[in-house]
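These notes are about the structure you will find just below.
For clarity, every value in this text was computed on a predicted model and none was experimentally measured. We name chains A, B, ... by the order of the sequence lines, and we start the count at 1 in each one.
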Number of protein chains: 4
Amino acid sequence: MTAALRKSAAGPARPKVAHADSRLPQILDAAARLFCAQGYQGTTIRDIAQAVGILPGSLYCHFATKEDLLVAVYTRGVDQICGAVQAAVEPLDDPWTRLEAACVAHLEAILRDDDYARVVVRVRPADVVAANQRLVQERDRYEALWAGLTDALPLPRRSDRKALRLLLLGALNWAQNWYRPDGPSSPRSLARQFMALLRQGTEARS
Amino acid sequence: MTAALRKSAAGPARPKVAHADSRLPQILDAAARLFCAQGYQGTTIRDIAQAVGILPGSLYCHFATKEDLLVAVYTRGVDQICGAVQAAVEPLDDPWTRLEAACVAHLEAILRDDDYARVVVRVRPADVVAANQRLVQERDRYEALWAGLTDALPLPRRSDRKALRLLLLGALNWAQNWYRPDGPSSPRSLARQFMALLRQGTEARS
Amino acid sequence: MTAALRKSAAGPARPKVAHADSRLPQILDAAARLFCAQGYQGTTIRDIAQAVGILPGSLYCHFATKEDLLVAVYTRGVDQICGAVQAAVEPLDDPWTRLEAACVAHLEAILRDDDYARVVVRVRPADVVAANQRLVQERDRYEALWAGLTDALPLPRRSDRKALRLLLLGALNWAQNWYRPDGPSSPRSLARQFMALLRQGTEARS
Amino acid sequence: MTAALRKSAAGPARPKVAHADSRLPQILDAAARLFCAQGYQGTTIRDIAQAVGILPGSLYCHFATKEDLLVAVYTRGVDQICGAVQAAVEPLDDPWTRLEAACVAHLEAILRDDDYARVVVRVRPADVVAANQRLVQERDRYEALWAGLTDALPLPRRSDRKALRLLLLGALNWAQNWYRPDGPSSPRSLARQFMALLRQGTEARS
DNA sequence: AATGAATGAGACTTCATTCAT
DNA sequence: AATGAATGAAGTCTCATTCAT
């Protein structure tokens, strides 16, 4: 509890104690890596501690529970994927171009670049009963970003824009289940293929 | 299995075969229900046994390990979703119409009708190390069915047909993560919305 | 219980039902083989049943408990090793020659020829709490035979004859722990070596 | 092990090292006592934990598996019996006298003094499949000591010296199966009796 | 901030045995 | 004499978590 309390009590005035060598970053990194490699339930506190080189009990100096650790990783994952998408989208104007850039950024993050972002897709809130709410809340932050992107599309019906978002995000996320980095297509080309199918339509036109 | 064999060997003169009241079907049903409600790792042998009304150890009369039980449920899930999709598709001729019918059948199975089919989407092979191969093999059976459906589409490039399949199946499967049965749209209408977006394309046409 | 009761109630008048094909001999053989290969506690009822080709429960048609089965095997082991030793000894007269023949017969039985006899040495009564008494009783039958052999030796002191028996039998039995059938010496030559050491003495004589 | 290390690193100024009250010694003692009273398979983790006054799971702070615990006990048993025999033998010169002293020390250890040493004779490597190799290796350490003792005997043939060792050690070890501490002879007198038989020979001399 | 030992609950699984058929 | 399903007790081991040091 102490760690958690201290955390939430920490104001902006915090003097930044000289613990630059703290193991907290290492812990987060290891947790992110392991959660996305083995899943949340498949990863033990021992695994993480061992990866960092400390004892299991020592983790509780930084996190009150395993779920808190997950929430921290997950939150940072949402932060980072939000950042990646926003950075990719920002310089662009055209709604479709922006959406495609978002797809590329998203897919590169969850398939290749970022263990934290990967966790956001890998770990289902439904699998972590007690932290479910907090995870859903985080995920919603990210979905709101996407809602902004799809809402900007020149589609007549609101329902189409929503369906498009669900269709696209679902397809991208599910790629984690079958994508192999040594396969023929990169995350980028994959994202573009998906977008192309959606923009041009697949039916023959007269 | 022996029970099943003896059953089918029983002549027509014997109306009620011995051990016809085996609890094996109940076990499978309970396992399917619990696996898809709580996940594989979130479901204990005790949970399943209790749901059936037997002792945990008694499960091992029917399955050697928890993973074997999962494989049995999963296999039947693939059987059933294959059956549902094939039944939906069979009377139809047009490739697009067939694909849409498949989407509807798939979505209805994994969102509403069928605990077994649900498990196929809910449980990731990657989360069950020792049975991973067997699960992937089963899942591939189902994907082959879809490959047949998309390959029949009048699309110029092979790569487009494959991408379309991955896009569509991913989007449908991911729906398990956000779909609420008490929401506004049914699995059927959802499937049709997705298909419409894909067929007509989303870009404004001149 | 029924099996046990029936057994002990069986008088000599028993009409020998025409069950020549009964599986009882097979069961005993398999049990002897497995008990001496894996030990008593290391052998399960399932192992034995499977070796015979029946179901575990079916064993209880023949034996009331696993320990009863052990006692049956053990008893027959004592019978057989007694028989083997007596047969080897009978035609001989000289006490030392008789003792050596006994050693050879004993060692051949417990190292090479006879799974039943092997069990007598392999399974310690101390390891089978509930049947301990019955096993000790059986073992004593065999030791009595040896007492006869050593008592006939022309040694001055009674205590020497007893010590000799314990020394010899212990050394022979322990051979089960190190003897390898593909090694350089046969059970027979081994027995003779041991006897030679004991008869001639090892100390240099003036 | 870490505790032990820290202990030895502790300077003389600190009289009571942290964790000096570890229960590891108690665990080993209890395990030795129980393994030799009930056998390895007859002793449960619960038995040992209860004897120490901790929970079964707590044993796994010190040993990864039950077999590792056995190996630890066994190894220490070999250490101790080696030590006892070497101490008994060291001040002596005559090969026969040394051998007799070794017999006495061995028998006192495995029959009376030392639970650890007792385990070395009580538990057969063959009964503990997974740790078999490690146990055999330990036992061989001890046998090498004996080989040294018998090789020093003034016997003409090498094969005689080896046979003598096997005969003697086997007879001594097997005593665990019949020796009763309240009986007429002590381990010491027993060892001497055995040695006397072997040295002088049993056959009448002219 | 970290350690090392311990907890307590519970996980999967095994196994001798029973019993209706 | 045998089956097949079930029992009930127990077995080893895992794991998140705690806490004095």
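Rounded to a whole Å, the OH atom of B:Tyr60 is 15 Å from the C1' atom of F:dA9. The CD1 atom of B:Ile48 sits 15 Å away from the P atom of F:dA6 (whole-angstrom rounding). In this entry the distance linking CG of D:Leu55 with C1' of F:dT14 reads 14 Å, nearest Å. Computed from coordinates, the A:Gln50 CD to F:dC15 P distance equals 12 Å when rounded to whole Å. Rounded to whole Å, the distance from CG on D:Leu24 to P on E:dA5 is 8 Å. When rounded to the nearest whole Å, the span between CD of D:Gln26 and P of E:dA5 equals 13 Å. The CD1 atom of D:Ile45 sits 19 Å away from the P atom of E:dT13 (whole-angstrom rounding). Here the P atom of nucleotide F:dC13 and the CZ atom of D:Arg46 are 12 Å apart, to the nearest Å.
Between D:His62 and the phosphate of E:dA6, there is a side-chain N or O to OP1/OP2 separation shorter than 4.0 Å. OP1 or OP2 of E:dT7 has at least one side-chain nitrogen or oxygen of D:Ser58 nearer than 4.0 Å. OP1 or OP2 of F:dA2 lies within a sub-4.0 Å distance of a side-chain N or O belonging to C:Arg23.
Across all strands, C:Thr44 comes closer than 4.0 Å only to sugar-phosphate atoms, never to a base (heavy-atom distances).
Between B:Asp47 and D:Leu59, the residue anchored closer to the 5' end of DNA chain E is D:Leu59, taking for each the nucleotide with the nearest heavy atom. The nearest heavy atom of DNA chain F to C:Ile54 and to D:Pro56 marks one nucleotide each, and the one closer to the 5' end goes with C:Ile54.
Screening residues 36-63 of chain D for ring-ring contact (aromatic ring centres under 6.0 Å, His included) gives D:Phe35-D:Tyr40 as the qualifying pairs, with residues at least two apart or on separate chains.
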The dot-bracket string of DNA chain E, counting Watson-Crick and G-U wobble pairs with both distances under 3.5 Å, using [ ] for crossing pairs and | for pairs to another strand, is .||||||||||||||||||||
